[in-house]
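Before any comments, here is the structure.
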Amino acid sequence: MAQAHVLGLPRIGAQRELKFAVEAFWRSPMTSRDEAALQDTGRDIRAANRRAQRDAGLDWITVGDFHWYDQVLSTLALVGGFPERFGFAADALTLADYFTAARGDARHSAMEMTKWFDTNYHYLVPEYTPHTRFGEGTEWLFGEVEEACAEGGNVKPVLLGPVSLLYLGKEKDGLADRLSLLPDLLVQYARVLRRLRSQGVAWVQIDEPVLALDLPQAWRDAFAPAYARLSAVAPSLLLATYFGDVSEHAALLRSLPVSGVHVDGVRAPAQLDTLAAQWPADKVFSAGVVDGRNVWRTDLTRVRESLVRLAQTLGDRLWVASSCSLMHCPVDLTKEARLDKELRTWLAFAVQKLAEVALLRRSLDVTEFAKPDVQAAFEADAAAQRARRTSPRIHNTVVHRRLAALSDAHARRPSPYAVRAKAQRAWLKLPLLPTTTIGSFPQTAEIRAARADFRRHAMSHLDYLETMRAQIRLAIEKQEAYGLDVLVHGEAERNDMVEYFGDLLWGFALTEHGWVQSYGSRCVKPPVIYGDVYLPEPMTVTWSAYAQQLTDKPVKGMLTGPVTMLQWSFVRDDQPRERTALQIALALREEVAALEKAGVRVIQIDEPALREGLPLREREWPSYLDWAVRAFRVCSSGVADDTQIHTHMCYSEFQDILPSIAALDADVISIETARSDMALLGAFETFAYPNEIGPGVYDIHSPRVPSQEAMERLIEAALARIPAERLWINPDCGLKTRDWTQVDAALTNMVSAAQAVRARLVKREARAA
Ligand code: GLN
Ligand code: ZN
């Protein structure tokens, strides 16, 4: 008989209990930190997760997937691998220490954070140095296992595997090769696994997600000896891979001395059959068939067919599973009382996915499959799938026709940059080194209260309009006073740069409680793109046009680009991502046209998520970049030569995709560089960016106000690589997290810096002439 399990559950709690408890703990004074309340919350969440798995009828209760901040940090804590620079005693690590590493304190900068594969979750990056020594660590995992074992049932702890733990870290202080730390690390993994075995654990899930990356040969070769070493002392090991195709490792996976392997059958469905074909007789094969990365209800009939096929070759060596941990989807759909009723029947959040996994496993047994409750569930699912395929809610003829009519001409501005730049200069009459900002201004308590009141119907439409207009007036007055050249309206009306548009576009739905962990205590609530995307009416014109009427200076219209909207939403799985991106692009193209028509002739389309949309495997980059660039060009190319298109990007490694960024053909790009100390500028020595560019000169993440001199230095550094005629001066990103005192001072300094450098340039030129 096959068995049912999942790779992990969300740990934030159905009402984000973990967030609130952790933040309360952080606020409590150092001296009297009350850990008891926090521990209680953790215990409750873990108990609820075990109960949910048991209630669903899973064969395994997964534990060890609960983490106070991050799974990578917790694994470091377990094996005594915290960065030494914090000076903590590994075997006496406290919760306060743990959070200090994650968040930093007066004496230590926080550990670096980066994206977990291609998800929107961020993990803390391990720091490996020549002095790194692993050792005894926290007892937390063992306590959680004990807690679970006390309730009985099959407890399956999950651990991040040693090869991935090393691979995902960074070498510091001159360490040549972090793989050299593996033998020392394995001593600790062996200790942990032995201990789990002594606790009565029969199976441990050990995650090695790096197998889905372009893994260098030395790292591939590390698996066999490492796992030979561990399996000698461990309970049965289920090696879990996810997020991609691992069939190139077929020989390795078949021969590895572990008791089972899990593969992702949602991201890479074909590998299920390929790998199972010659599966060793003594190994479990766990098929990840319920999507842990998205919110759609599983097509049970279709998935059952593939499982039946697998069961024929595998028999009871088959385990039925979620594709990856369910931490990447929201907790419980039943909390969504306000969601459209029909849409709801198409969705499944984590709790619903547990039931799907259990049901699929039951359905493999012919007598179980014949039972009325199983039959009824399959029928209900088939009806939902049918409705979703044909619903007029999803399919919009107008969108289909427009998409079909799309030609290459739609993805090309009428004239090349040089011609456009001339036309734009003629009316914009900007000084050399023009100054601007990225869009948002401080989101004060007053602004947030007004938005909340309006949402709750506690404020009338006109009062709301007037409150927001007052904010726009304030922003315009201030920008004029600073002396900025291209102004913005300030984005007071926007809670979030994707949700705001999701609320106004047809084909998007917003949830009330669909939170997903982004990092630490931070959660995001991605919109659900369920249908053809369509613009019912302009979304930003009233705000931007109003702002433009207040001033003679140009005001930039502000939009979020198609790739970023896609990347930060749950995307429909019934058509390719690129088709959805193009639909969003077409809707935005109309918005851009409406802005232009209303006299807003500088328009910024933000694409901060362009880089993070890159597939995990490099061989898939070109096709992604192709359609992503095309989507941007479709939304930005329907304007006259003298309308100036800006784009903006931040907080990712742009170096390797600069040609694609240039291919967007925006007239101006503003890009974050101050935070990373102008590291990006180096890339411009080898790659000549053809259009105008504003490398950020103000790190907006810091409350610190940069001095005029500091910004002058950054501008001069930029001038060494970018000709003055094409250089803009701006902050790294939007200013919504800052307060007005900081913004007043910083932008005043920024404008003065630009003026000072301008004056020097004029002098230099006079001298040269
Ligand atoms: N226009 C947005 C803002 O200023 C851009 C935000 C972002 O890049 N993440 O807030
Ligand atoms: Zn930004």
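Counting starts at 1 for both ligands and their atoms, following the listed order.
Using a 4.0 Å cut-off between a side-chain N of Lys or Arg and a carboxylate O of Asp or Glu, Asp496 and Lys736 do not qualify as a salt bridge. Salt bridge present: Arg601 and Asp642 bring a charged side-chain N and a carboxylate O closer than 4.0 Å.
With ligand atoms numbered from 1 in the order given, ligand 1 contributes 3 (C), 4 (O), 10 (O) to contacts under 4.0 Å with heavy atoms of Gly734. The His648 neighbourhood of ligand 1 comprises atoms 8 (O), with distances under 4.0 Å to a heavy atom of that residue. For ligand 1, the atoms sitting less than 4.0 Å from at least one non-hydrogen atom of Gly439 are 4 (O), numbered in the order shown with element in parentheses. Listed by number with element, the atoms of ligand 1 under 4.0 angstrom from any heavy atom of Cys650 are 8 (O).
Checked by distance only, ligand 1 and Glu491 come closer than 3.5 Å through their nitrogen or oxygen atoms. Looking at Lys736 next to ligand 1, no N or O pair under 3.5 Å apart turns up.
Side-chain contact annotation: Glu491 with His489, donor-acceptor N/O pair under 3.5 Å absent. For the residue pair Tyr121 and Gln71, a side-chain donor N or O sits within less than 3.5 Å of a side-chain acceptor on the partner.
The protein atom (non-hydrogen) at minimum distance from atom 3 (C) of ligand 1 is Ser440 OG, 3.3 Å. Taking atom 1 (N) of ligand 1 as the reference point, the nearest protein heavy-atom neighbour is Asp606 OD2, 2.7 Å. Atom 6 (C) of ligand 1 has as its closest protein heavy atom Met497 SD, 3.5 Å.
Once rounded to the nearest 0.5 Å, the distance linking CD1 of Ile671 with CD1 of Ile661 reads 4.5 Å.
Annotation: angle subtended at the Zn ion (ligand 2) by Cys650 SG and His648 NE2 is 110°, to 10°.
The local environment of CZ in Arg704 is sparse, with at most 12 non-hydrogen atoms from other residues, nucleotides or ligands closer than 6.0 Å.
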Next item on the list: Go through Asp118 and Arg617 one step at a time and tell me if the salt bridge (charged side-chain N to carboxylate O under 4.0 Å, His left out) criterion holds.
Entry: CA-CA 10 Å; Asp118 57 357; Arg617 310 299 298 263; over 6 Å; no
